[in-house]
Amino acid sequence: MDKIKVTGGTPLKGQIRVSGSKNTALAIMPVCLLTDQPVELSNIPNVSDVHTLNTLFQQHGVDASFKEGVVHLQASEITNTTAPYDIVSKMRASFWVLGPLLARMGEAKVSLPGGDAIGARPVNFHLKGLEVLGADIELESGYVIAKAPNGLTGGRITMPHVSVGATITLLMAATLAKGETVIVNAAREPDVCDLGECLIKMGAKIEGLGTNIIRIQGVESLSSVSHRIIPDRIEAGSYAVAAAISGGDVELLDADCTHIETFLNFLRATGTAVDKSSDRIRITAPDGRLQPVDITTEAYPGYPTDLQAQMVALMTLAEGTSTITEGIFENRFMHVPELRRMGAKIDVQGKSAIIHGVDELVGAEVMSTDLRASVCLISAGLKAKGDTVVSRVYHLDRGFENLEEKLKACGAQIERLKS
Ligand code: UD1
């Protein structure tokens, strides 16, 4: 397994182009299952999660290819409605094929994804919502077996909590259901809005994107589409933290700052300068110490859980104590013991990390436990004294395109140690 070595001490200086959003790509690619027409999606990041999803599509009979940031998908015929355990357990967003397969084919058998490092992550909201749309759902040997032989029918679904994935599943399924579907307490994340925009281009009738009530009028069929994926707000936020922690000055290109307003406000509160223009964000670290902040992660437009680990890393070096509370997942502090190995002083009390800022971090061997934790450890390594070696970087490769090259271009001393 590859590792990444970072030698700390060089402030990042330069420009970083933000890639297309990995999470949005995973949300939108399954639209190909809703139509027999061609789907072309651009600004797709070259990351392993995208390839995993294409592999899954291929075994459903989809003609799927990826070249230079563009995926071409065409499900002229769906030859297999089973999404197997070996793929879904590797990447839980594969579960999102359930809604479109069921809507188009009237049946689907999709492996339950299981828990992962950050929590139990059940799929009950997806399943309850599909039942409201008339699906018959059974669980058998770790698989969801969903049937709607006469098609889905619109209904009113009230989500107990905001769920990005369940909103995605139900939004896609409802586009081909008979009549109107209303999703109450829907997710407002940019990924959901971009999915909705793409579906509208395909002929879907959707209102209320970006609000917590989405209304969908089912249509008979959807047509071909060409759509550009929005920039990756989590990647942008991660490099903003990397710039700030390293004491650097970095301009993020092709970023959409409207998607990370809350994050940028908190970053400013740390004393980091944030200058925004239409598609650029300049991040300049403060001359003195970073200031502590108290944050709770929330559904959009709140502070994103996917930028929690990175902010914990940043606050390890603040002048004072910060409290960062995880409001979405139950077990998302796996990076804390690793940061402690680098000299960070952090107590975890329930859902909160109490971070007592220290004067310096020291390089160490650390292990990444999930995608966002990996980039948190690399950021910490950029400032730590000496070498930090991050293992299990396959997590990083799931979602960050050309991370080493992007950081190197800004002066970082970073290299991949091939196994
Ligand atoms: C997506 C993102 C992930 C992000 C998360 C929250 C992708 C590929 N993943 O994950 O990066 O961290 O949104 O912004 O885009 N829940 C249930 N039952 C359900 C569904 C969810 O209890 O049926 C709970 C989850 O356990 C969690 C919370 O709801 O505590 C939110 O999860 P959800 O928004 O569904 O996350 P994902 O869509 O899996």
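Order of listing sets the numbers, starting from 1, for every ligand and every atom in it. All values below come from the heavy atoms of this structure, side chains included, with hydrogens, waters and symmetry mates left out.
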If we only count N/O pairs under 3.5 Å, is Trp96 in contact with ligand 1? no
Run the contact test for Phe95 against ligand 1 with a 4.0 Å cut-off on heavy atoms, strictly below, and give the result. no
Is ligand 1 under 4.0 Å from a heavy atom in the side chain of Asp306, in the backbone, in both, or in neither? side chain
Does any N or O of ligand 1 fall below 3.5 Å from an N or O anywhere on Ala166, backbone included? no
Which segment of Arg332 sits under 4.0 Å of ligand 1 when only heavy atoms are counted: side chain
Parallel, tilted or perpendicular: which fits the ring planes of His161 and Phe125, with parallel below 30° and perpendicular above 60°? tilted
For ligand 1, which atoms sit closer than 4.0 Å to a heavy atom of Arg92? 39 (O)
Between Thr35 and Leu222 (side chain of the first, backbone of the second, donor and acceptor by atom type, cut-off under 3.5 Å), is there such a pair? yes
Find out whether Lys406 and Ser19 are in side-chain contact, i.e. whether some heavy atom of one side chain is under 4.5 Å from a heavy atom of the other. yes
Side chain, backbone, both or neither: which part of Leu127 has a heavy atom under 4.0 Å from ligand 1? neither
Any carboxylate oxygen within less than 4.0 angstrom of a Lys/Arg side-chain nitrogen, looking at Glu251 and Arg282? no
Using distance alone, decide if ligand 1 has a nitrogen or oxygen within less than 3.5 Å of any nitrogen or oxygen in Glu189. no
So CZ of Phe95 and OG1 of Thr169: to nearest 0.5 Å the spacing works out to 6.5 Å
Nitrogen or oxygen atoms of Ile328 and ligand 1 under 3.5 Å apart: yes
Among Lys22, Arg233, Arg332, which one satisfies salt bridge (Lys or Arg N to Asp or Glu O under 4.0 Å) with Asp306? Arg332
Residue selection (non-hydrogen contact nearest atom 35 (O) of ligand 1) among Ala25, Pro160, Ser163: Ser163
For the 3.5 Å polar cut-off, considering only N or O atoms, please tell me whether Arg372 and ligand 1 meet it. no
Is ligand 1 less than 4.0 angstrom away from at least one heavy atom of Glu330? no
Would you say Glu365 has more than 12 foreign heavy atoms packed within less than 6.0 Å of its CD? no
Is it the case that the side chains of Asp63 and His72 hold a donor-acceptor pair, with the cut-off being a distance below 3.5 Å and no angle test? no
If you define the side chain from C-beta out and look only at heavy atoms, does anything of Arg92 sit under 4.5 Å from Val88? no
I'd like to check whether Thr305 has a polar contact with ligand 1, where a contact means an N/O of the residue lying under 3.5 Å from an N/O of the ligand. no
Please report whether ligand 1 has a polar contact with Ala93, defined as an N or O pair separated by less than 3.5 Å (distance criterion only). no
Based purely on interatomic distance, does Gly165 place a nitrogen or oxygen under 3.5 Å from a nitrogen or oxygen of ligand 1? yes
Whether the side chain of Glu189 engages the backbone of Tyr300 through a donor-acceptor N/O pair (distance < 3.5 Å, no angle test) should be reported. yes
Would you mind running through ligand 1 and noting each atom that sits below 4.0 Å from a heavy atom of His126? 23 (O)
